[in-house]
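I have placed the structure first, in the form of structure tokens, so that the comments after it can refer back to it.
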Amino acid sequence: MQTRHAVDSGIALVEDTMKQIAIISGKGGTGKTILTASLAVLAENKVMADCDVDAADLHLILHPDIREHHEFRSGKIAVVKSWLCQGCGECVTACRFDAISDNFMIDPIACEGCGVCSHICPSAAVCMEENRSGEWFISDTRYGPMVHAALGVAEENSGKLVTLVRQHATRIAEDERRDYVLIDGPPGIGCPVIASLTGADLAIIITEPTLSGMHDLERVAQVARHFNIPAKVVVNKFDLNTTNTERIKQTTKDKGIDVLALLPFSEQVSRSIVRGVPLIEYGNGQIVKEIKMLWEKIKD
Amino acid sequence: MIISIASGKGGTGKTTVAVNLALSLHNVQFLDCDVEEPNAHLFLKPEIHSQNIATIPIPQVDEALCDYCGKCREICAYNAIAIFPGKENARGSVLVFPHLCHGCGGCSLFCPRSAISEIPREIGIIEQGYSGDIEFIHGKLNIGEIMSPPLIRQVKAYTNPEKTVIIDSPPGTSCPVIGSVRGSDFCILVTEPTPFGLYDMTLAVEVLEKLRIPFGVVINRSTIGNRSIDEYCRIKNIPILMHIPFEREIASLYSQGIPFVREKNEYRKKFHDIVRLSEIQQMVYRK
Ligand code: SF4
Ligand code: SF4
Ligand code: SF4
Ligand code: SF4
């Protein structure tokens with residue numbers, strides 16, 4: 001009984017110490033992936049999860065070797081068997097997503113797979129088919145394992161694919177007793193962002209001192225609060241508009257959110273992307289120093 | 001004519017291009033379809049005249065009529081309905097999960113006892129107004145809400161074909177983007193000359209080819225990075241509509257929410273030319 005107990009609490013301890021850090025931004029292009037890639041170098045014993053499945057870029061910096069490759073299917077799509085269709089038009093009226101044309105052809109891009117047309121069709125001419133909507137991978141990188149994905153273009157359900165990527169990254173972290181899961185999140189505040197954030201221990205919101213950046217920071221911080229995820233802010237290119245940077249510092253302070261770091265504008269950033277190496281390994285100077293300090297602040 | 005502005009990757013300057021284009025033309029209607037993070041209003045500063053709540057219909061079950069037959073649950077493709085059948089002396093119940101419901105109407109249509117009616121559920125708001133003579137409309141998704149495609153559809157329902165309609169679409173390549181650019185006569189892809197920009201643009205190109213929408217590319221911050229986008233466009237025969245160099249002045253105007261054509265008049269003509277180029281591209285495309 002005693003040992004059993006010890007084992008139990010041992011497991012609990014392992015789970016407890018694993019820290020899931022999501023890097024998100026609200027507004028796109030503020031430097032999420034650059035920061036994630038740099039943290040991937042700094043953090044020891046971690047798993048990376050690229051949850052920007054719409055436009056996954058982390059692989060361009062971390063160069064993963066794909067170990068496992070899986071297909072992702074989600075949802076269904078309606079197909080009309082034209083030889084059975086009598087042209088009654090019931091399906092056109094019933095479809096709320098304008099996915100069926102007046103000559104009873106289904107637009108696979110507009111179809112949301114609700115199946116109403118297949119249920120209503122008096123001649124059983126509509127069938128619902130599985131939709132192949134993406135792929136996901138478990139890979140090795142120089143910096144540790146990485147789970148990533150590619151959503152088929154023009155597909156929906158990136159939220160589900162994000163959840164899948166997250167689940168596998170956490171599973172690997174648990175199996176291999178890794179300390180961190182670093183999540184490169186998508187832009188926005190919708191479904192995939194919520195899927196990236198759920199259950200994370202910390203959200204790092206990276207923004208820039210522009211009106212758009214500030215506006216989006218506000219919205220994404222509300223999302224984090226809504227789901228009870230502690231958030232901290234990084235201001236990228238802070239020196240492009242120091243007045244706005246001051247305003248960000250003030251508003252975050254009022255809301256009780258820490259500003260973790262102010263990163264200066266640096267041409268090294270785009271050069272490191274062109275080279276395909278993490279900024280922290282490529283660059284030097286202030287920005288690198290700031291990122292290292294940032295990591296020291298959050299690693300425990 | 002409907003022109004949408006898109007970009008695989010976020011933060012490449014979509015809104016900048018959309019706003020400056022709108023300010024360079026006449027008789028414009030501007031639709032901001034980036035409902036998760038709408039930003040165009042920060043630059044166009046429209047006067048808002050009307051606000052409408054955007055909703056989707058979700059089912060409401062009248063349990064006095066329902067006999068827990070399970071038909072609605074069976075119909076629902078999104079697992080938005082659960083049913084707990086009654087036991088000897090306890091009534092059953094039907095549970096609707098509003099956040100999973102797509103509002104397809106299937107359950108109410110097929111309930112054999114007509115026990116289901118539909119009630120609206122708020123997903124965001126749509127605001128309409130004017131910025132000078134630009135008619136401005138945008139949608140704002142509520143916090144914690146996942147149903148952006150229906151809100152985008154509702155914003156697009158305002159489209160006025162009499163005007164030059166400029167649609168600022170969300171970043172990415174999935175559903176919300178498709179919903180925004182679908183039905184456009186021309187799409188302007190905004191990208192930046194880095195491997196991220198290139199990779200994400202190739203995804204966006206695939207989307208547009210799939211949707212059969214003619215398009216061209218604007219390279220933003222063209223002086224930072226490499227020449228990979230120019231190369232790619234040359235090989236794929238994609239017209240490059242404009243290069244916008246990286247300039248601290250442009251970046252600084254942007255950070256203050258000032259559209260750069262207000263200070264740099266020479267760009268108005270360039271944006272004009274984009275529209276003419278797009279007309280030519282559309283003709284070529286049709287052939
Ligand atoms: S499955 Fe639903 S969305 Fe697709 S065509 Fe049929 S009714 Fe329309
Ligand atoms: S409901 Fe069936 S038979 Fe009628 S038009 Fe649609 S596919 Fe054809
Ligand atoms: S289909 Fe109608 S009667 Fe049957 S369980 Fe659903 S609400 Fe009740
Ligand atoms: S309206 Fe459609 S999605 Fe919503 S609960 Fe009914 S069947 Fe499910």
Side-chain angles (χ1 to χ4, degrees), chain A residues 25-30 33 53-55 57 60 75-76 94 96-98 109-110 112-116 119-120 128 151 153-159 186-194 208-213 215-216 219-220 222-223 226-227 237 240-241 244 265 267 270-271 273-274 276, chain B residues 7-13 15 34-37 39 42-43 75-78 102-106 109-110 141 143-149 153 170-179 182 192 194-196 199-200 203-204 206-207 210-211 221 224-226 228 248 251-252 254-257:
Chain A
S25 72
K27 177 171 157 47
T30 55
T33 304
V53 299
D54 241 33
D57 283 336
L60 297 171
K76 301 214 162 153
R96 290 229 174 129
F97 307 102
D98 289 332
I109 289 167
E112 294 212 5
C114 69
V116 167
H119 291 291
I120 207 153
M128 301 302 294
L151 187 69
V153 297
E155 292 298 349
E156 61 178 319
N157 257 320
S158 39
I189 61 161
C191 187
V193 178
I194 293 171
E208 52 181 41
T210 61
L211 286 194
S212 325
H215 178 254
D216 296 350
R219 301 229 324 145
V220 80
Q222 279 177 34
V223 174
H226 187 92
F227 293 98
K237 305 183 197 163
L240 279 185
N241 188 326
N244 284 345
F265 173 79
E267 296 213 357
S270 40
R271 274 191 243 125
I273 304 175
V274 170
Chain B
S7 72
K9 179 173 152 44
T12 54
T15 303
D34 189 357
V35 299
E36 289 182 34
E37 300 287 17
N39 280 152
L42 299 171
F43 298 89
I75 292 281
C76 183
Y78 312 104
H102 286 223
C104 73
L109 194 59
F110 293 104
L141 191 68
I143 298 295
E145 181 55 63
I146 61 172
M147 295 290 164
S148 58
R153 272 196 295 274
T173 53
S174 65
C175 252
V177 184
I178 310 301
R182 210 170 156 234
E192 55 183 30
T194 65
F196 288 0
Y199 177 75
D200 297 343
L203 299 178
E206 260 185 77
V207 172
K210 214 165 162 177
L211 291 170
R221 296 189 275 270
I224 291 189
N226 57 19
S228 53
R248 270 200 178 241
S252 156
Y254 174 83
S255 72
Q256 300 164 56

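The figures that follow rest on heavy atoms only: side chains count, while hydrogens, waters and symmetry mates do not. Order of the sequence lines sets the chain letters (A, B, ...), proteins ahead of strands, with each chain counted from 1.
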Closest-packed option against chain B by number of heavy-atom pairs under 4.5 Å, given [options]:
options	result
A/Gly29, A/Ser212, A/Gly26	A/Ser212
A/His119, A/Arg271, A/Lys27	A/His119
A/Asn241, A/Val193, A/Ile189, A/Val116	A/Ile189

Less than 4.5 Å to any heavy atom of chain A: does that hold for the side chain of [X], its backbone, both, or neither?
X	value
B/Glu192	neither
B/Glu145	backbone
B/Arg221	neither
B/Phe110	side chain

Work out which heavy atom in [X] is nearest to a heavy atom in [Y]; give both atom names and the distance.
X	Y	result
B/Tyr199	A/Asp57	CD2-OD1, 3.4 Å
B/Pro195	A/Leu60	O-CD1, 3.6 Å
A/Glu208	B/Tyr254	OE2-CE2, 3.9 Å
A/Phe97	B/His102	CZ-O, 3.6 Å
B/Ala77	A/Cys114	CB-O, 3.5 Å
B/Tyr78	A/Glu112	OH-O, 2.6 Å

Using non-hydrogen atoms and a 4.5 Å limit, figure out which bit of A/Pro209 sits close to chain B: side chain, backbone, both or neither. backbone
So, the part of A/Ile194 with a heavy atom under 4.5 Å from chain B: the answer is side chain
Partner chain A: residue of [options] with the largest heavy-atom pair count (under 4.5 Å):
options	value
B/Pro149, B/Ser252, B/Gly179, B/Gly105	B/Gly105
B/Ser7, B/Cys104, B/Gly106	B/Cys104
B/Ile75, B/Asp34, B/Thr12	B/Ile75

In sequence, state the C-alpha distance, the side-chain angles, and the governing distance for B/Arg248 and A/Leu240, and then conclude on side-chain contact (heavy atoms from CB on, under 4.5 Å). CA-CA 8 Å; B/Arg248 270 200 178 241; A/Leu240 279 185; 3.5 Å; yes
Quick check for you: to the nearest 0.5 Å, what is the distance between B/Ile143 atom CD1 and A/His226 atom NE2? 8.5 Å
Would you compute the distance between atom CG of A/Asp216 and atom CG of B/Leu42 and round it to the nearest 0.5 angstrom? 8.0 Å
Do any N or O atoms from the side chain of A/Arg219 and from the backbone of B/Leu141 form a donor-acceptor pair under 3.5 angstrom? yes
Donor-acceptor under 3.5 Å (A/Asn244 side chain, B/Ser255 main chain): yes
